[in-house]
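Heads up: the structure comes next, in structure tokens.
In this text, all values refer to a predicted model and were calculated from it rather than measured experimentally.
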Amino acid sequence: MDNFRRFAGRCLVYVGLLVGFGTSRLLYAQSSSPSDSVSRVAASFRLGTIRILESGPLSAEVVQAALPFRPGDRLNAERLQAGLEAVARRYAEAGYPLARIIIRQLDQDPVHPDRLLLALTVEPGPRLYLDRIVLRGTRRTRPDFVARLLNLQIGRRLRPFNPERMAERLTATGLFRRVDPPELYLTGDTTAALVFPLEEASPGSFDLLLGYQPPGAGAGGLVGSGHLQLRHLFGEGRELDVQLERLPGRVSRFRLEAADPFLPGTSFSLRLGFAGRQQDSTYNRQDFQLVLGYRFPSGLQLTASWRREATRPGPAGLRLEGGRQRIARGTASLFGVGLHWEQLDHPLAPRRGLTLTVQAERGRKTRSARQVSGGDTLRVRERFRQDRLEATLRLYSPLAARLVLVGGGELALLRADRYDAADFYRLGGARSLRGYNEEQFAGHRTARLLAEIRYLLTPPTFIFGFLDLGYVATPSLPGTEPRTAWHPGYGLGLQLQTGAGLLNLSYALNPDEPLLDGRIHLQLVFAL
């Protein structure tokens, strides 16, 4: 009983919880805090009843639901403090970041001496409105851009207010090297300013991907691509991407994209893109795309798109196979809708979260090709519908303190009355199906499932082992029969943060080839 009295007496010195500047702390009537012995004694007692005497704008049921303990649970000083902080966070998210939670009673239950009676009162404080946003330590970033990322509006209620979550969302963009939780300063009786200590990341990067694939069914040798990415242009998150890729067998690709995440004064985004592909002397393909998106406060983005494609056969594509021209001359216009959702705790080495992208398109394609009929060679012109579906999913889940499981995959489907090889999806290589040559497979239906185990060292550095499983389906074409196939790949890799930039190295294999004939992929990301 003496131990209980000492515990109750120590706990009664708590007079409340004050939340400010994104952190919480207990205020004590005395300068001393509960000792370790208090926690040990407290573990011998359980809660009897919890009463919410006053709760302000939130109901007593909401306050009780925010507490991490219930009647009958064991209680100690640390758990009590965590509960009060949880209630304070709940009020801050509702727009009352200055709420105080006061312990009115923490006594022995006279009926059940091994139980405690807990009574709380909440003083919500004023409802705060956002007066301004101040950025500390930045040179390019504009305050209104940060406000849009966090769905905050000047002059509106400061809701939700969760400093840790705000810092996580800014960190996940990859635009900042360091983000501290914002500090809250009162500028009036009901107005406040948020001060964000930030350190901006480099304004761009040059990504060099090199690989060696041994000679086999296709051409072997060095494969590589260069990717120049400029991010956060003019301090408002605008992007410019330029990519040039060279594959063995005289295949080259070029891609140019420009994007604005927030059109002036709106939550709409705009992306313009051009992609070109030269498949040796078989065909040349050009692709123009415009994407308009709308971002919701939850981070979900819905998109509407328009795409224009043009395919021109080369000398090898003009040859006849099975009485038909190998590659047709064609143009296609497609309209689509899609969604993108990303919730990650780290941009380069996430421990938990997901990314999901889905894009569905429908349109018409016009094709013109030579065809042999009755001994005569005719030019046949056709117009038919095309449907496309593309999806990407990544899931990140922690297995232990440093172990992370990554799962997900990609899916690409094409449905049409007629198929051309130029329309097929490509699979294989460092960015799609590891363990195989770049773009080794092509089909109108492709998919990849992946599983990866990562051991985190110091983020973004980690080592990993992976397993890929690819699926390719090819329709009937002149001179070929429809077929489907599964292709597994596996290997090990390392992602390392160096003084020059980010290095990603992997060695990938497949079951059909010797252990020493694996693919080596080396990716270097240099900060500008």
Side-chain angles (χ1 to χ4, degrees), residues 149 165 168-175 205 207 209 227 229 231 239 241 243 257 259 261 269 271 291 293 295-296 298-303 338-360 388-400 402-413 425-436 445-457 459-471 487-497 502-506 508 521 523 525:
L149 286 176
R165 180 58 181 154
E168 289 176 1
R169 292 186 65 175
L170 293 179
T171 300
T173 64
L175 301 177
S205 63
D207 184 334
L209 178 63
H227 180 197
Q229 184 179 47
R231 303 189 63 191
E239 298 181 9
D241 288 358
Q243 185 173 4
E257 286 189 359
S269 64
R271 180 177 293 272
V291 181
R295 179 189 177 97
F296 290 90
S298 64
L300 175 67
Q301 185 179 47
L302 299 182
T303 61
L339 64 87
H340 177 74
W341 191 27
E342 182 174 297
Q343 298 286 335
L344 301 176
D345 60 357
H346 193 282
L348 299 177
R351 294 190 71 252
R352 64 176 73 249
L354 66 87
T355 61
L356 174 64
T357 301
V358 179
Q359 178 77 16
R388 301 183 185 183
L389 176 64
E390 301 175 17
T392 301
L393 173 66
R394 292 291 185 275
L395 295 170
Y396 303 86
S397 178
L399 299 178
R402 293 180 177 271
L403 282 180
V404 178
L405 173 64
V406 183
E410 297 94 31
L411 175 69
L413 304 176
Y425 296 105
R426 309 281 167 167
L427 195 65
R431 290 192 176 94
S432 57
L433 182 59
R434 293 166 288 189
Y436 296 87
R445 295 197 303 266
T446 65
R448 176 179 70 143
L449 299 176
L450 68 91
E452 197 168 291
I453 298 291
R454 296 179 177 179
Y455 182 79
L456 301 179
L457 299 173
T461 298
F462 59 84
I463 57 177
F464 62 93
F466 64 87
L467 173 64
D468 287 355
L469 181 61
Y471 168 80
H487 306 282
Y490 54 90
L492 300 172
L494 165 70
Q495 178 172 287
L496 177 65
Q497 180 68 59
L502 193 66
L503 180 147
N504 193 297
L505 177 66
S506 65
H521 300 290
Q523 182 180 20
V525 181

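- The nearest pair of heavy atoms linking Q359 to G338 is OE1-CA, 3.7 Å.
- Side-chain contact between V358 and L389 is present, with at least one heavy-atom pair separated by less than 4.5 Å.
- For E257, the salt bridge (charged side-chain N to carboxylate O under 4.0 Å, His left out) partners at least two apart in sequence or on another chain are R255, R271.
- Taking the side chain to side chain donor-acceptor pair (under 3.5 Å) definition, one finds that T303 meets it with nothing, sequence neighbours left out.
- A search for side chain to side chain contact (heavy atoms under 4.5 Å, CB included) contacts involving S432 returns L427, not counting sequence neighbours.
- Sequence neighbours left out, the pairs with a member in residues 445-456 that pass salt bridge (charged side-chain N to carboxylate O under 4.0 Å, His left out) are E410-R448, R434-E452, R448-D468, E452-R454.
- Here S397 pairs with nothing under the side chain to side chain contact (heavy atoms under 4.5 Å, CB included) rule; sequence neighbours left out.
- Take R431 and apply the salt bridge (charged side-chain N to carboxylate O under 4.0 Å, His left out) test, not counting sequence neighbours, and it matches no residue.
- The shortest distance between side-chain heavy atoms of I453 and L405 falls below 4.5 Å.
- Residues satisfying the side chain to side chain contact (heavy atoms under 4.5 Å, CB included) test with R388, not counting sequence neighbours, are R285, R307, E309, L334, E361, Q386, L414, D423, Y425.
- Residues forming a salt bridge (charged side-chain N to carboxylate O under 4.0 Å, His left out) with R351 (at least two apart in sequence, or on another chain): none.
- A distance of 13.0 Å separates CG of L399 from OH of Y455, quoted to the nearest 0.5 Å.
- What you find for R231 and L175 is that their closest heavy atoms are NH2-CD2, 3.6 Å.
- Among residues two or more places apart in sequence or in another chain, the side chain to side chain contact (heavy atoms under 4.5 Å, CB included) test is passed with R352 by D345, P398.
- Inter-residue side-chain proximity for T173 and P347 is flagged as unmet; no heavy-atom pair is nearer than 4.5 Å.
- Proximity of T355 to T392: side-chain heavy atoms (C-beta onward) are nowhere separated by under 4.5 Å.
- I463 CD1 to R402 CZ: the interatomic distance, rounded to the nearest 0.5 Å, is 10.5 Å.
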Extract all donor-acceptor atom pairs below 3.5 Å that involve side chains of residues 487-496 and protein atoms in other chains or at least two apart in sequence.
{"unit_1": "Q495", "atom_1": "OE1", "unit_2": "N504", "atom_2": "ND2", "d": "3.4"}
{"unit_1": "Q495", "atom_1": "NE2", "unit_2": "P460", "atom_2": "O", "d": "2.7"}

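- Not a single side chain to side chain donor-acceptor pair (under 3.5 Å) links S506 to another residue, sequence neighbours left out.
- Results of the side-chain contact (heavy atoms from CB on, under 4.5 Å) test with R394 over T357, L344, L450 single out L450 as the only residue that passes.
- With values rounded to the nearest 0.5 angstrom, L505 atom CG is found 11.0 Å from Q523 atom CD.
- Every residue meeting the side chain to side chain donor-acceptor pair (under 3.5 Å) condition with R426, not counting sequence neighbours, appears here in chain and number order: Y283.
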